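One structure is given below, encoded as C-alpha cells.
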2 protein chains.
Amino acid sequence: MASMNEVAKRAGVSIATVSRVLNNSDSVNETTRIKILKAIKDLKYQPSRVAKRLRSKSVSSNLLGVLIPDIQNPFYVDVLRGIEDIAYKNNYAIIMCNYGQDEKKEIMYLDILQSESIDGLIAAPVSENDQRLKSIIKNGLPVVCVDRGLIGIDVDIVWVNNEEGAFAAVSHLVKSGYKRIAFISGLPSIPSSRMREKGYRRALEKDQLFLPELVKYGNSSYDSGVTLCAELLDLPNPPDAIFTCNNLITLGALETIHKRKKQIPKDVAIVGFDDMFWSSSLNPPLTAVRQPAYEIGKRAGELLIQRISDPQRPCIQMTLNAELMIRSSC
Amino acid sequence: MASMNEVAKRAGVSIATVSRVLNNSDSVNETTRIKILKAIKDLKYQPSRVAKRLRSKSVSSNLLGVLIPDIQNPFYVDVLRGIEDIAYKNNYAIIMCNYGQDEKKEIMYLDILQSESIDGLIAAPVSENDQRLKSIIKNGLPVVCVDRGLIGIDVDIVWVNNEEGAFAAVSHLVKSGYKRIAFISGLPSIPSSRMREKGYRRALEKDQLFLPELVKYGNSSYDSGVTLCAELLDLPNPPDAIFTCNNLITLGALETIHKRKKQIPKDVAIVGFDDMFWSSSLNPPLTAVRQPAYEIGKRAGELLIQRISDPQRPCIQMTLNAELMIRSSC
DNA sequence: GCGACAAATGTAAACGTTTTCATTGAGAAA
DNA sequence: TTTCTCAATGAAAACGTTTACATTTGTCGC
C-alpha cells in the first residue's frame, strides 16, 4: 500500500501539502492540487486510518464500537442493522463485540475497544451496575446505551417502555379470560427483565391473579425457554397462558409446547416480548410485543454521532413505544 | 489512558524494557520486571492496539475483518457466531461489515478494512468475480471465503455442497409425488444460487418435471420471497410445491401462503434451503436443507488464523455437508 | 520602493508502539 | 591483568498521519 510519502514524492511536494488536499483543510494552489490528486490516483493511494487514529485523538478516526449480549437474538440483529446504516452513512466502521451475557468477556471487549481508540460506543451493558463501562464513560468516551441503562451515571439511553409493553400484553391475556398466567423471565440482573416482570405483576395484581409459583427465571436463552416451559407444563396445576420475556425464550417455549403436542391457544396460550418479522408464519401466528429494534439502533447511532461532535450536549433518554401485535396465539 | 512512556517513567526504566516485559521477548532482570508490572498495575496501563498495529505490520495486530452480504439472514448470523468464538479465543477483535449485497458498499468496506490494516478477512463476496477482493488477496492479505467462492484465484473456501443439498430436497419432493415444483431463486450472480438451481434442475430433469415458467429470480430478500411466491400462486396453473433458495425467501413465501389462507402442504408444499433453529415451530414445521452455519464460521476462523501464521500454506476448499431435515411442510 | 499581509508551501514534532543497534558491567577464561 | 561473553538495558528510528510553526513569494497600499 502506497503511503503519503510516496504520493508526496511523485507529486513533488511535501506530505503536509498532500495532507492538506486530502482534508482540504488549508489553501493550496489549484495546479498542485491537481498534481497531487493525479499522484493519488496513479498510486491508488488510500490513507491509513490507523495512522490517522493514532495521530489525532481530536479528529474523528471513524471507528465505532458495538457491544451486545447476544447476536443470536434477532432483536439485537435489528438494532445492529440500524446502527450500521447510520454508521455507513457517516463513514464509520464498526467493531462488533458479542459478549454472550458473560461479564468476563464483556470486560475483555471493553478493554479491546478502548485500546482500539474508538470514537464512540453503543452498548447494552451486562448489568445496570457495570463498573467498567461506567469508568469508561467517566473517562470521556462517548457512549450510548441501548435496551439497558446504567444507574448512578448520566448517559444517553435508547430503549422502550418495557413495563408498559409487558403490562399491555398481560392485560390482554387477562381480558381474554386466562386465569393462570405464567411468566418465563430472563436474568433478573438485566434491567429489562425486571421491568417486564413488573408490568406482568401489575397487570395480574389488579385482578389478584398473581401466582408466585408461575414465575420462572432463566438466562434469557432459547434453551432456558425450552426447559422452563417444560417445568411449567409439568406443574400439577399448569398455567393456561404463558408470557415470555424475550424472543429466544418465546421460540424455546414454542418448541416445547409443540413437542408435547399441546394446542395453542386451546391448551395453553402464549404471548411473547419481542416481535419477529416472521411471527405471522409461526404456528400459530404469534401475539407479541413489538419493539422497534431497527429504530432503536438508528436513534442510538444518531445520538452517538451527535455526542461525538458535541460531547457537552446534555444526556437524552429516549423511550420508544412498544406495541402489542395481536395475532392468534391467545 | 496511560502510555508506555508513563509506565517507563514510573518504573524508572526505558520504554524498550517495558515493551520487553509486555511481550516477554527478551531477557529482563526479575526485579525490574516486577517494578514494571507494578507500574502497569498502578497506572492501569493498557497498550494501544492502534500504535501496535501501525508500528509492526509483521506482528499480529489482532484485528479481523468480516464481510457479509446480509446480517438479517440468520445463516450469516450463525456464521458470524462461529467466527466470533474462534476470534475471541485467539484475542482477535472483529470489524463487522454488512454490505447488503450492494457492490458499491462492498467496495467501500473493503477499502476501509484495508485501511484499518486488518490481519485477515473472512468474506462472502458479492460475486465470484469480485475484482477488488481478488486484488486484495493478491496483495497478500490472508482471506478465507465463506458460502461463496472466487474464480481465477486460489483462496481458502468453506461452504456446503449446495447442488447436492438442493438435489436432495427437490428429489424428496419428487418422491413425494409433487409434479409442478417451483423454484424461487436468489440473485443469479451469487454462485450458491446457481448451484442450488442446478441441483433443482437435475432432480427434476430425471423425471422430465422441469418447467421453466416455475422458476423465479429475485434478490434473495424476504420481500422477494413474498412477491415471487404471490406471482407463482397467481399463475393460471400454479405449482403444487415450492423450493426456496434461502432462509429469507422461505419466510417471505410462507407469509404469502398464509396470507392467502392456503394449506401447507395440502394446497402447496414448501421446502427451503437453510434451516433455522425455530423451524420446528413454524406453521407447519418446515422441511429444510440445513447448512452447518456455525461450523462454517468456526472452520473459516480456524483457517484464517492458520493462514495468518503461515501465509504459505496451500489453499483448502472445505465442503461441508448439507442435510435435509424432514418435517411436515411437504 | 518599502512595509505589511496573505497565499502557498515546507519542516519537524507528535501520536504509542516495536525493534535494531549500541552500551554497560560483571563474571569467566586465558 | 586482559580479553571475551553475555545478560541487561537504553537510545533512537520507524510506522503514516496531522498540525503548529516557519519560510518564501507576490501583491497591494502608500
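Keep in mind the model is a prediction, meaning the values are calculated, not measured. Just so we're on the same page: letters track the sequence lines, and every chain starts at 1.
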Heavy-atom neighbours of A:Lys9 NZ exceed 12 at 6.0 Å: no
Closest to the B:Asn23 side chain, choosing from D:dT18, D:dA12, C:dT18: C:dT18
A:Tyr99 and B:Tyr88: CA distance, side-chain angles, deciding distance, ring pair (Phe, Tyr, Trp, His ring centres under 6.0 Å) verdict: CA-CA 9 Å; A:Tyr99 66 89; B:Tyr88 175 70; over 10 Å; no
A:Thr31/A:Asn29 under side chain to side chain donor-acceptor pair (under 3.5 Å): CA gap, chis, key distance, verdict: CA-CA 6 Å; A:Thr31 16; A:Asn29 187 289; 2.3 Å; yes
Whether A:Arg20 side chain and A:Asn24 backbone form a donor-acceptor pair below 3.5 Å: no
Distance in angstrom units between B:Arg33 CZ and D:dT9 C1', rounded: 14 Å
Listed nucleotide nearest any side-chain atom of B:Arg20, set C:dT20, D:dC15, C:dA12: C:dT20
Nearest-Å distance for atom pair CE/P, residues B:Met4 and D:dA12: 16 Å
Separation of D:dA11 P from B:Asp26 CG (nearest whole Å): 17 Å
Main-chain N/O of B:Gln101 paired to B:Glu103 side chain as donor or acceptor, under 3.5 Å: no
Interatomic distance, A:Tyr45 OH vs D:dT17 C1' [rounded to whole Å]: 7 Å
Among D:dG10, C:dT18, C:dA12, the nucleotide that comes nearest once only the side chain of B:Lys52 is considered: C:dT18
Residue closer to the 5' end of DNA chain D, B:Glu30 versus A:Ala16 (nearest nucleotide): B:Glu30
CA sep, side-chain torsions, deciding dist, call: B:Asp111, A:Gln46, side-chain contact (heavy atoms from CB on, under 4.5 Å): CA-CA 8 Å; B:Asp111 288 350; A:Gln46 284 202 41; 3.1 Å; yes
Touch class at under 4.0 angstrom, heavy-atom based, for A:Thr17 against every strand present: sugar-phosphate
C:dT17 phosphate, OP1 or OP2, under 4.0 Å from B:Ser19 side-chain N/O: no
Whole angstrom value for the distance that separates P of D:dA13 from CG of B:Leu54: 17 Å
Candidate nucleotides D:dG16, C:dA8, D:dA14, ranked by approach to the side chain of B:Arg55 - the nearest: D:dA14
Sugar-phosphate, base or nothing in reach of A:Glu6, heavy atoms under 4.0 Å: nothing
Electrostatic pair B:Arg132-B:Glu106, nearest N-O below 4.0 angstrom: no
Proximal nucleotide (of C:dG10, C:dT18, D:dA8) relative to the A:Ser14 side chain: C:dG10
Atom-to-atom span, CG of B:Asn29 to C1' of C:dT24 - whole angstrom: 14 Å
Phosphate contact (C:dG16 OP1 or OP2) by B:Ser48 side-chain N/O below 4.0 Å: no
Sugar-phosphate, base or nothing in reach of B:Val50, heavy atoms under 4.0 Å: nothing
Per A:Thr32 side chain, nearest of listed nucleotides D:dT17, D:dG10, C:dT9: C:dT9
Axis-to-axis angle between the two ends of the helix from C:dG1-D:dC30 to C:dA30-D:dT1 (five base pairs per end, rounded to 10 degrees): 60°
Whole-Å gap separating P (C:dG10) and CD1 (A:Ile15): 11 Å
Pairing of B:Asp85 and B:Arg81 as salt bridge, 4.0 angstrom limit: no
Distance, rounded to the nearest Å, where A:Ile40 contributes CD1 and D:dG16 contributes P: 16 Å
